[in-house]
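Order of the sequence lines sets the chain letters (A, B, ...), proteins ahead of strands, with each chain counted from 1. As a basis for the values below, the full set of heavy atoms in this structure was taken, side chains included, without hydrogen atoms, waters or symmetry mates. Because the structure is a prediction, the values reported are computed rather than measured.
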Amino acid sequence: MFAVETKALTKTYKDNTAVDSLSLAVEQGELFSLLGVNGAGKTTTVRMLCCLSKPSSGEAYVMGKNCESESAEVKSIIGISPQDTAVAPRLTVRENLMFMSRIYGFDKAGCKARTDELIEMFGMQKVADSRAKTLSGGWQRKLSIAMALIGEPKVLFLDEPTLGLDVLARRELWRAIEALKGRITVILTTHYMEEAEKLSDRIAIMIEGRIAAIGTLAEIEEQAGEKGLENAFVAIAERGLAK
Amino acid sequence: MKRAFAFASRNITELLRDPLGYIFCFGFPLIMLIIMTIVDQSIPKGSVTVFHIENLAPGVAVFGLMFVMLFTSLNVSTDRSGTFLMRLYATPMTAFDLTAGYIIPMLIIALIQCAVTFTAAFIISVIVGGTLNIGGILLCILTLLPSALLFIGFGLIFGVLFNEKTAPGTCSIIISLGSFLGGIWYDAESTGGVMLSICKCLPFYYCTRSARSSLSLDFTAEGFVIPLLIVLGCGAAVTALGSFAFSRKMRADLG
């Protein structure tokens, strides 16, 4: 069973096709990146996989569950860290995590244990009792990812997790994401080449709602006939846009 | 329901940490209570009775509930403007969990607000020689619950329909309209004619009427029972409409 599978997944908004017949399969435990420029359809794809948007046609599955007809089951096995940090600003780090753990049905002792575990996992001990709105962008992103992990998801969706972060905060977040590799399936959207190159097992390059290339870094370089992800991406993107 | 209580707990914690909440939900009604008592003490005795503490306290309590509406709309519209609600949409939370999670904390805040207002009113009553009694106060707080639900329902509707910049403005219109046509700052009964007919077409008048009657332990059909039933009906209808609007908006967001 694939962790994520889409079959001709399509999303149209009036005259605009945001995602066009997307078919892909992601193995369990894989860190899979959706790479593309703004408006390529990455976030729309993630929204459909997280049951936040209904496909216009086609099918999406998470751990074999249909995102449209079995959305409640899908929601109980996924976690999402949206593009914006999406934290409760006046709650502390600990309170944010406790709140999310209650949403996922943990009992009082379970909430505390899971919260402590995630605070330790992300090294947030020193900010644990600080209100979220007082944290730097990097800490807020870490909290956002920790909140996405609280329900012990089988698939984690990270939508542009390092957008707007400085280089140090970005590197620190990369380490946190790398630590998840192999333990759960991670679907990462980004338009940072370096990020996709550094973190991903496989990469899909999306151009105008379609997959223009998919595979490991080496496979993408081969498909593009260029060395380095950035060169390969530019070659594939220009080819895709020319069509 | 467990998830609704978790969300309610988040909402009440965030609201109680917002300084504006204290100013508008607790400070402003208290200031109005004090100012209007000073006005009452300054005008010739017997000419105007609406500012007597027995009439003023329930009126101010209704006025305070209108600010609970403002905060409900702000809470909902602010959550909607960011991605926090989107994160919750991707969890097993349902529309019912979310709407109940917005309504429950506002009801608690409304209760605390009424308790604070009437505590202050009781102290003022002792000072100025009013006739407030504890039984009437407790009954009045209970009578104000349907009114609280009515204003929370309005807040939910405005929070769904408008963004965090326009929702407060819309609520201000209801606050002005409600305090004027609700007979909070004047005796609507004494106006009569078209003015009284207009007041009686809107639920605000009945909020004030039922609250004043319960405080004075007047349980007549015209003074208490009918106004309370009207407020109960309107409160249930507006809250149901607010919940429906929220569910529809959620479905549209997930479309």
Side-chain angles (χ1 to χ4, degrees), chain A residues 11 13 43 46-56 62 67-68 71-92 95-108 111 131-133 143-145 147-148 150-151 153 155-157 159-160, chain B residues 1-25 71 74-102 104-106 109 163-164 247-255:
Chain A
K11 182 73 185 181
Y13 297 101
T43 298
V46 166
R47 282 177 58 91
M48 286 191 280
L49 289 166
C50 292
C51 316
L52 294 174
S53 181
K54 287 195 177 96
S56 304
V62 174
C67 294
E68 222 180 330
S71 61
E73 288 91 334
V74 172
K75 285 177 180 182
S76 66
I77 53 169
I78 62 165
I80 179 172
S81 175
Q83 225 171 71
D84 298 331
T85 44
V87 297
R90 290 192 191 91
L91 297 192
T92 66
E95 286 166 344
N96 265 290
L97 292 168
M98 289 286 276
F99 162 60
M100 287 305 286
S101 57
R102 285 178 70 191
I103 297 289
Y104 280 98
F106 286 90
D107 60 18
K108 207 173 174 184
C111 284
R131 289 189 191 175
K133 68 174 180 180
L143 172 60
S144 182
I145 296 174
M147 285 166 77
I150 204 104
V155 182
L156 174 67
F157 293 91
D159 193 7
E160 311 262 10
Chain B
M1 210 56 196
K2 210 173 155 187
R3 291 190 180 100
F5 283 121
F7 187 50
S9 163
R10 170 262 169 176
N11 285 332
I12 201 158
T13 310
E14 289 230 66
L15 285 164
L16 291 174
R17 287 177 185 172
D18 182 359
L20 272 181
Y22 289 93
I23 295 167
F24 283 105
C25 285
F71 270 82
L74 261 178
N75 198 12
V76 177
S77 57
T78 307
D79 276 354
R80 276 186 46 240
S81 69
T83 48
F84 186 73
L85 212 50
M86 204 51 84
R87 178 195 281 282
L88 297 182
Y89 286 168
T91 69
M93 284 192 89
T94 62
F96 172 80
D97 292 329
L98 290 162
T99 43
Y102 281 122
I104 294 165
M106 298 320 294
I109 286 182
N163 64 33
E164 80 274 26
S247 302
R248 263 188 78 101
K249 184 71 190 164
M250 184 176 170
R251 273 202 299 276
D253 288 344
L254 299 178

- With sequence neighbours excluded, residues passing side chain to side chain contact (heavy atoms under 4.5 Å, CB included) with B:R80: B:V76, B:L85, B:K249

- Note on the structure: Heavy-atom closest pair (A:M147 atom, B:F84 atom, distance to 0.1 Å) is CE-CE1, 4.2 Å

- Query: For the residue pair A:I103 and B:R3, what are the closest heavy atoms and their distance?
  - Reply: O-NE, 2.6 Å

- Message: Which one wins on heavy-atom pair count under 4.5 Å against chain B: A:C50, A:S53, A:S76?
- Response: A:S53

- Query: Where is the tightest heavy-atom contact between A:A86 and B:T83, given as atom of each residue plus distance?
  - Reply: CB-OG1, 3.3 Å

- Does any heavy atom of chain B fall under 4.5 Å from the side chain of A:Q83, the backbone, both, or neither of them? neither

- Item | Pick from A:P82, A:P153, A:A148 with the largest number of heavy-atom pairs that fall under 4.5 Å of chain B | A:P82

- Message: Donor-acceptor check, side chain of B:R87 to backbone of A:I80, threshold 3.5 angstrom: yes or no?
- Response: yes

- Query: Given that the side chain runs from C-beta out, which part of B:D253 has a heavy atom under 4.5 Å from chain A: side chain, backbone, both or neither?
  - Reply: backbone

- Task: Check B:E14 against A:R90 and note the closest heavy-atom contact, atom names and distance.
- Result: OE1-N, 2.7 Å

- Note on the structure: Interatomic distance, CG@B:N11 vs CZ@A:F99, rounded to 0.5 Å, equals 7.5 Å

- Between A:S56, A:C51, A:P55, A:S144, which residue shows the highest count of heavy-atom pairs closer than 4.5 Å to chain B? A:S144

- Task: Measure the spacing between CE of A:M100 and CG of B:L88 and express it to the nearest 0.5 Å.
- Result: 6.0 Å

- Task: Report the residues that fulfil side chain to side chain contact (heavy atoms under 4.5 Å, CB included) with A:K54, sequence neighbours left out, ordered by chain and then residue number.
- Result: A:E68

- Verdict with supporting geometry, A:R102 and B:S9, side chain to side chain contact (heavy atoms under 4.5 Å, CB included): CA-CA 10 Å; A:R102 285 178 70 191; B:S9 163; 3.5 Å; yes

- Message: Test of understanding: with side-chain hydrogen bond (donor to acceptor under 3.5 Å, both in side chains), list the residues that count as partners of A:E160, not counting sequence neighbours.
- Response: none

- Task: List the atom of A:L91, the atom of B:R17, and the distance in Å for their closest heavy-atom pair.
- Result: CA-NH1, 3.7 Å

- Item | Heavy-atom proximity to chain B below 4.5 Å, by part of A:A88 | both

- Item | Proximity of residues 91-99 of chain B to chain A, residues having a non-hydrogen atom under 4.5 angstrom | B:T91, B:P92, B:M93

